[in-house]
Amino acid sequence: MSFFSSSYDVIIVGAGHAGCEAALACARMGLSTALLTMNPDTIAKMSCNPAIGGLAKGHLVREIDALGGEMGRATDETSIQSRVLNRTQGPAVWGLRAQCDKEQYNQRMKNTILRQPGLSVLQAMVDRLMVVNGVVKGVVTEFGDEIKAKAVVVTTGTFLNGLMHIGETKIEGGRNGDLSSKGLPTHLKELGFEVGRLKTGTNPRVRRESIDFSKTEEQWGDEDPIPFSHFTTTFPLQPQIACHITYTNGQTHQAIKDNMSRSPLYSGVIKGIGPRYCPSIEDKVVKFPDKERHQIFLEPEGLSSSEYYLNGLSTSLPLDAQYSFLHTIPGLEQAEIVRPGYAVEYDFVPPTQVTHSLETYRVKNLFLAGQINGTSGYEEAAAQGLMAGINAALAVKGLAPFTLSRTEAYIGVLVDDLVTKGTDEPYRLFTSKAEYRLLLRPDNADIRLMEKGFELGLIPALAREAVIEKKVQIEKGLKGFRTRILPPEAAPNEALQLTVQDRSLYLDNIMRRPWITYEGLRPFLPQDLHFDPEVAFQIEVELKYEGYLVKQRQEIQRQSRNETLPVPHNFPYLKVIGFSREAKEKLNKIRPETFGQATRIQGVTQADLAVLLLAISRYSKKQAESAAAFVQENQD
């Protein structure tokens with residue numbers, strides 16, 4: 001007899017950031033859901049840095065929130081410092097970022113999970129999947145318990161064959177103090193999945209009392225911070241504290257070079273590929289030999305914690321070597337390491353083996369999300385977890401999958417990059433990867449996505465109605481600015497640099513001037529053009545960037561015709577004459593779901609795409625003729 005309940009609608013494997021979003025989505029969509037974790041105390045644990053958001057990552061959190069996810073709300077409630085990166089630039093590249101109290105965040109998400117109706121948390125390690133005729137039917141735990149389900153979402157983080165490195169020391173585990181999953185990665189290979197190996201790392205944590213902050217630069221958050229969640233009405237909710245900045249130097253770099261032979265990264269011990277955007281301090285010293293110093297952020301891990309996270313010092317050097325280079329850094333000369341930095345290798349499933357719904361091609365109703373798909377970062381994991389959870393729920397209900405295109409959301413860019421291009425290194429999202437980033441700003445995530453969240457059952461009706469009203473007000477404002485001229489009393493105005501001649505200009509032309517803001521014009525606007533700050537901001541952005549926004553919308557319309565053209569999954573690429581060898585191999589391996597996805601596969605040229613477009617047309621025509629002939633034969 002199984003120790004656990006025998007059956008659920010959906011099982012979520014892993015309770016990290018991806019698993020939490022997946023589990024909450026399924027339960028909130030009305031399905032009986034089981035969240036399986038090796039340790040319930042580590043639900044949503046921040047294994048690395050104590051922060052949420054950043055460039056492009058902040059966009060993801062706003063979108064997760066607009067679709068009904070939890071990360072934004074949990075971040076706002078546990079934030080101890082909030083900033084907007086790139087605030088001096090245009091809003092399309094703003095990066096909302098918040099330092100969180102790690103213990104509070106972990107507890108906040110854990111409580112949300114445990115109190116969610118329809119969601120059960122089970123302490124268990126999954127050893128294998130139950131698969132019958134290519135369809136997942138549940139999981140088998142390490143103790144042999146069988147738990148049945150109609151769909152399974154695997155979100156295992158760095159725990160698949162996890163191996164940690166601190167110098168020459170190797171410790172099996174996906175995170176310091178936690179076990180490694182050995183059976184599941186072996187079983188995935190048995191099922192026919194390609195499995196690869198990646199590496200990531202974390203930084204030393206030092207005791208606050210051992211830091212000399214007088215030798216560092218103080219860094220505070222914004223005085224007018226912007227919350228992540230559209231549902232946050234009061235922000236910030238608790239005391240805000242400072243981070244600090246210091247720098248490495250020549251002595252630091254020499255100490256690292258002196259110990260380089262003991263680095264598992266450079267001695268050949270580590271085989272997995274690490275993240276290029278967040279290199280270890282060893283990598284920085286080797287790859288940037290001319291750089292005299294590297295910036296280090298001293299980040300508090302919580303209001304009541306004495307630990308500081310040394311952001312920028314990821315390392316897998318031995319502990320004595322970590323002390324050696326650490327004590328050369330200003331402010332850290334007497335630093336005491338509470339937790340050493342380490343590298344961790346882990347198995348992943350190259351994501352070209354999943355569809356845009358994150359369902360695997362090989363096993364029906366099996367979904368993958370998070371680092372198992374080759375990504376890194378809490379935010380990328382949470383976004384995938386939300387999408388995988390939604391689609392697992394829809395699959396159980398017998399409904400069509402829910403996907404987002406590159407034109408609709410950063411989540412769409414993330415998923416499309418993964419399933420189309422794959423990755424051979426830990427993937428991170430950047431604003432530069434979004435072709436339509438002017439349209440996909442963090443400030444308009446609710447306008448873009450909240451209606452979809454409501455349709456899925458994850459957004460309440462009142463929130464949807466508020467967004468509808470917000471759209472009405474924005475349109476009213478845009479119309480008013482485009483049809484009214486500058487009030488006579490506004491010009492000439494020295495502060496706004498307005499002249500007598502400007503009296504004949506429409507307000508939208510005035511607003512497009514770089515130095516003009518809505519707040520600057522507000523005293524001269526009629527009462528019916530006075531709006532709340534969120535609506536006013538949207539009006540200002542739409543008018544200032546109107547020319548660029550129009551061009552992007554036209555480009556989307558131009559490409560939309562072929563973008564969604566479906567490609568049959570059984571399409572015979574190897575039999576088509578005219579493809580280059582590389583295109584034939586990659587198309588046959590990735591098997592794009594649409595023509596638009598095919599256009600983004602590296603190595604597929606414009607000539608290959610022309611051949612594909614013609615081949616799809618002929619194939620579809622032939623299939624239609626065969627179907628018609630079959631119908632005719634049966635009628636006769």
Side-chain angles (χ1 to χ4, degrees), residues 10-11 13 18 22 128-139 149-156 160 184-196 347-375 384-385 387-396 398-405 412 414-424 427 564-576 583-604 612 616 619 623:
V10 184
I11 289 173
V13 181
R128 59 194 298 108
L129 303 171
M130 298 163 59
V131 179
V132 180
N133 297 325
V135 182
V136 73
K137 297 295 184 181
V139 302
K150 300 169 185 175
V152 174
V153 182
V154 178
T155 69
T156 45
L160 294 184
L184 186 55
T186 300
H187 181 58
L188 290 172
K189 293 177 184 177
E190 292 172 353
L191 289 172
F193 286 99
E194 176 190 350
V195 176
D347 287 349
F348 82 110
V349 176
T352 52
Q353 299 171 90
V354 300
T355 69
H356 277 79
S357 69
L358 299 181
E359 181 181 19
T360 67
Y361 285 115
R362 191 168 292 277
V363 178
K364 186 175 176 58
N365 291 350
L366 173 64
F367 299 80
L368 307 182
Q371 284 178 290
I372 193 172
N373 282 336
T375 61
Q384 292 173 74
M387 296 299 287
I390 288 170
N391 281 306
L394 293 173
V396 171
L399 301 174
F402 171 72
T403 60
L404 293 167
S405 73
L414 165 69
V415 174
D416 189 61
D417 277 354
L418 292 173
V419 305
T420 300
K421 301 173 183 176
T423 185
D424 57 4
Y427 173 94
T564 57
L565 179 68
V567 181
H569 185 59
N570 60 349
F571 191 80
Y573 295 103
L574 298 179
K575 296 181 180 180
V576 175
K584 187 175 290 188
E585 290 175 355
K586 289 190 173 180
L587 287 167
N588 190 59
K589 178 182 179 180
I590 295 174
R591 297 204 158 268
E593 300 166 67
T594 64
F595 181 79
Q597 184 184 350
T599 65
R600 293 182 287 277
I601 297 175
Q602 294 179 355
V604 177
L612 177 61
I616 292 173
Y619 183 83
Q623 292 292 97

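In this chain, residues are counted from 1 in sequence order.
Residues Phe367 and Ser357 share a closest heavy-atom pair of CD2-O, 3.5 Å. Across Tyr573 and Asn588, no two heavy atoms sit closer than the pair CD1-CA, 3.8 Å. Residues Ala598 and Leu612 approach most closely at CB-CD2, 3.6 Å, considering heavy atoms. Ala18 and Ala369 get closest at one heavy-atom pair: CB-O, 4.1 Å. Across every non-hydrogen atom of Phe193 and Val349, the tightest pair is CD2-CG1, 4.1 Å.
In this structure, Gln353 contributes its side chain and Arg362 its backbone to no donor-acceptor pair below 3.5 Å. Side-chain N or O atoms of Thr375 include one that pairs as donor or acceptor with a backbone N or O of Gly370 at under 3.5 Å. In this structure a side-chain-to-backbone donor-acceptor pair under 3.5 Å is missing from Lys189 to Val195. Between the side chain of Thr352 and the main chain of Val419, no donor-acceptor pair closer than 3.5 Å is present.
Residue Lys584 qualifies as enclosed at atom NZ: its count of foreign heavy atoms under 6.0 Å is above 12.
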Checklist entry - What's the verdict on side chain to side chain contact (heavy atoms under 4.5 Å, CB included) for Leu129 and Val152, showing C-alpha distance, side-chain angles and the deciding distance? => result CA-CA 9 Å; Leu129 303 171; Val152 174; 4.2 Å; yes
Item to check | CA sep, side-chain torsions, deciding dist, call: Leu358, Asn391, side chain to side chain contact (heavy atoms under 4.5 Å, CB included) | outcome: CA-CA 8 Å; Leu358 299 181; Asn391 281 306; 5.8 Å; no
Item to check | Steps toward side chain to side chain contact (heavy atoms under 4.5 Å, CB included) verdict (Leu418, Gln384) | outcome: CA-CA 11 Å; Leu418 292 173; Gln384 292 173 74; 3.8 Å; yes
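Note that OG1 of Thr599 and CG of Leu565 are 11.5 Å apart. Values are rounded to the nearest 0.5 Å. Atom-to-atom distance recorded for Arg591:CZ and Tyr361:OH is 9.0 Å, nearest 0.5 angstrom. Distance check, rounded to the nearest 0.5 Å: CG of Asp416 to OG1 of Thr403 gives 10.0 Å. In this structure, OG1 on Thr155 lies 10.5 Å from CD on Gln371, to the nearest 0.5 angstrom. The distance from the OG1 atom of Thr355 to the CD atom of Glu593 is 5.0 Å, given to the nearest 0.5 Å. With rounding to the nearest 0.5 angstrom, the CD atom of Glu190 is 5.5 Å from the CZ atom of Arg128.
Remark: of the listed residues Val136, Leu366, Asn365, Val153, Asn365 is the sole one forming a side-chain contact (heavy atoms from CB on, under 4.5 Å) with Glu359. For the pairing with Leu188, the side-chain contact (heavy atoms from CB on, under 4.5 Å) check across Val154, Leu368, Asp347, Leu160 returns one residue only, Leu160.
Contact annotation: the side chain of Val415 never approaches that of Thr420 to less than 4.5 Å [non-hydrogen atoms, C-beta and beyond]. Taking 4.5 Å as the limit, every side-chain heavy atom of Phe571 sits out of range of all side-chain heavy atoms of Pro592. For the pair Val567/Tyr619, no side-chain contact is recorded, criterion being any heavy-atom separation below 4.5 Å from C-beta on. In this structure, the side chains of Asn373 and Tyr427 stay at 4.5 Å or more apart for every pair of heavy atoms.
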